[in-house]
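Report on one structure; see the data block that follows.
Remember, it's a predicted structure, so these values are computed and weren't measured experimentally. The figures here come from the full heavy-atom set of this structure, side chains too, leaving out hydrogens, waters and symmetry mates. Labels below follow one simple rule: chain letters A, B, ... track the order of the sequence lines, proteins then strands, and each chain is numbered from 1.
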Number of protein chains: 2
Amino acid sequence: MGIIMKDVWKKFEQTELTHSSIHHLLAINSLLKEHGYSRSVDIAHHLNISRSSVSVTVTKLRDKGFVREDKNRFLNLSKKGEELVNSVLSKRCIVEQFFREVLDLSSQEAEIEACKVEHLLSEPTGKKLITFMGYFLSGQPDVVKFRKGLEAFNYVCTSTKECDACELDCFFKHNGR
Amino acid sequence: MGIIMKDVWKKFEQTELTHSSIHHLLAINSLLKEHGYSRSVDIAHHLNISRSSVSVTVTKLRDKGFVREDKNRFLNLSKKGEELVNSVLSKRCIVEQFFREVLDLSSQEAEIEACKVEHLLSEPTGKKLITFMGYFLSGQPDVVKFRKGLEAFNYVCTSTKECDACELDCFFKHNGR
DNA sequence: ATATTTTGTTAAGCATATCTAACAAATGTT
DNA sequence: AACATTTGTTAGATATGCTTAACAAAATAT
């Protein structure tokens, strides 16, 4: 019953919640932290979309059990919702850190790249990345040497056979630092 | 004139081509390499979707100048299409390699994760990742030590303040290797 | 308590991408 | 040449998510 590799490309759409829905949940989370409450309008402002759109999406999130509503229509995350937000934020955090600290992207670039990717990565990937970053930021002597070497490194493609893309017109060939 | 940070989350949808369209182009590329030609049916089989769906998408790709059609309705990539395929494949290659070699994911996991992410990463990110991987795979003594250290490393969360997610119930706290 | 503003919902429209079914055009078979 | 199959297109359906416009309900102001 393994994965049909032909359909790997479809995994992109087969997320439990869409990118948009997840950002509705993240918005609720932010607003709760920031202001102590979260209404539909607030989400609309936070995401810069219309109230009606939020209304529809929040209804779905309520039906799916990610969001609960107050007597006064104030929104809260259910346990399920909180767990999801948590897992996404953890991945965002670590991916952003990776882009900044390891790949040396600017804070803004790192934020944008992380936002696109955060919710798509699996839990195992997130955890492995955390381990890697834990080591990378540990300050151990071997790591310090590695990082100095990385800073000084300038890659020149030597036409390995490991990468199919190289057969075309690969990045490797044009890569300046 | 800069980016409105409020709209960062929308960048996910603001790709030149959708994930689906890109995979149509990748399919054409694969089929050309594998069989020397590419028709609509072949794409339909390759992507495991209906002919009608392919027909619609290919028409759009033709109109947008990514795909050209033979007198015999055989499909080819334009220069524009080839460049796009190229950039995506390069990123796929490097991201997959990163997941396998650095994060130690299985080949299958690496393929799935890379497929979800490949087309979303910017060119600068791709290039930076190539530099990193070039160094990581260089075999230099300092790198060898680093990699041994990484294998032996077991991260334990020390509750830093760097990560917002930690305020909740972060992965860091539950991370076993 | 009446009037105004804010908030939330619903309806209708647009765009994407998928499907099935029906049909046309091209290929292949006998 | 006539029939059968394959291929490509079109039409109608579903589902997502966004929009604006109209309306109802709730909160605020006078």
Report summary line: When rounded to whole Å, the CG to P distance for the pair N72(B) and dG28(C) reads 11 Å
Report task. Hey, can you tell me if F132(A) and F98(B) have their rings parallel, tilted or perpendicular (30° and 60° cut-offs)? Result -> perpendicular
**Report entry** Rounded distance (Å) that lies between atom C1' of dT9(D) and atom CD1 of I43(B)
**Finding:** 15 Å
Requested in this report: Classify the ring geometry between F136(A) and F146(B) as parallel (under 30°), tilted (30 to 60°) or perpendicular (over 60°).
Outcome: perpendicular
Report task. Give the rounded distance in Å between these two atoms: CZ of F12(B) and P of dG17(D). Result -> 11 Å
Report task. Using a 4.0 Å heavy-atom cut-off across all strands, classify S55(B) as base, sugar-phosphate, or nothing. Result -> base
**Report entry** Under 4.0 Å protein heavy-atom contacts per nucleotide of nucleotides 16-24 of chain C, with B for base, S for backbone only and - for none
**Finding:** SSSSBB---
Query raised in the report: Which pairs with one or both residues in residues 46-67 of chain B pass salt bridge (charged side-chain N to carboxylate O under 4.0 Å, His left out), sequence neighbours excluded?
Result: R62(B)-E69(B)
Query raised in the report: What's the CZ-C1' distance between F74(B) and dT7(D), to the nearest Å?
Result: 11 Å
Report summary line: Here the distance between atom P of dT6(C) and atom OH of Y37(A), to the nearest Å, is 14 Å
Query raised in the report: Would you say dT7(C) has OP1 or OP2 under 4.0 Å from some side-chain N or O of R39(A)?
Result: yes
**Report entry** Interatomic distance, R73(A) CZ vs dT6(C) P [rounded to whole Å]
**Finding:** 16 Å
Query raised in the report: Once the angle between the rings of H19(A) and F12(B) is folded into 0 to 90°, is it parallel (under 30°), tilted (30 to 60°) or perpendicular (over 60°)?
Result: parallel
Report task. Classify the side-chain pair S20(A)/T18(A) by whether it contains a donor and acceptor separated by less than 3.5 Å. Result -> no
Query raised in the report: Taking atom P of dG8(C) as reference, at what distance in whole Å does atom NZ of K71(A) sit?
Result: 16 Å
Query raised in the report: CG of L61(B) versus P of dT9(D): gap in Å, rounded?
Result: 13 Å
Query raised in the report: Does R92(B) reach the side chain of L26(B), with side-chain heavy atoms less than 4.5 Å apart?
Result: yes
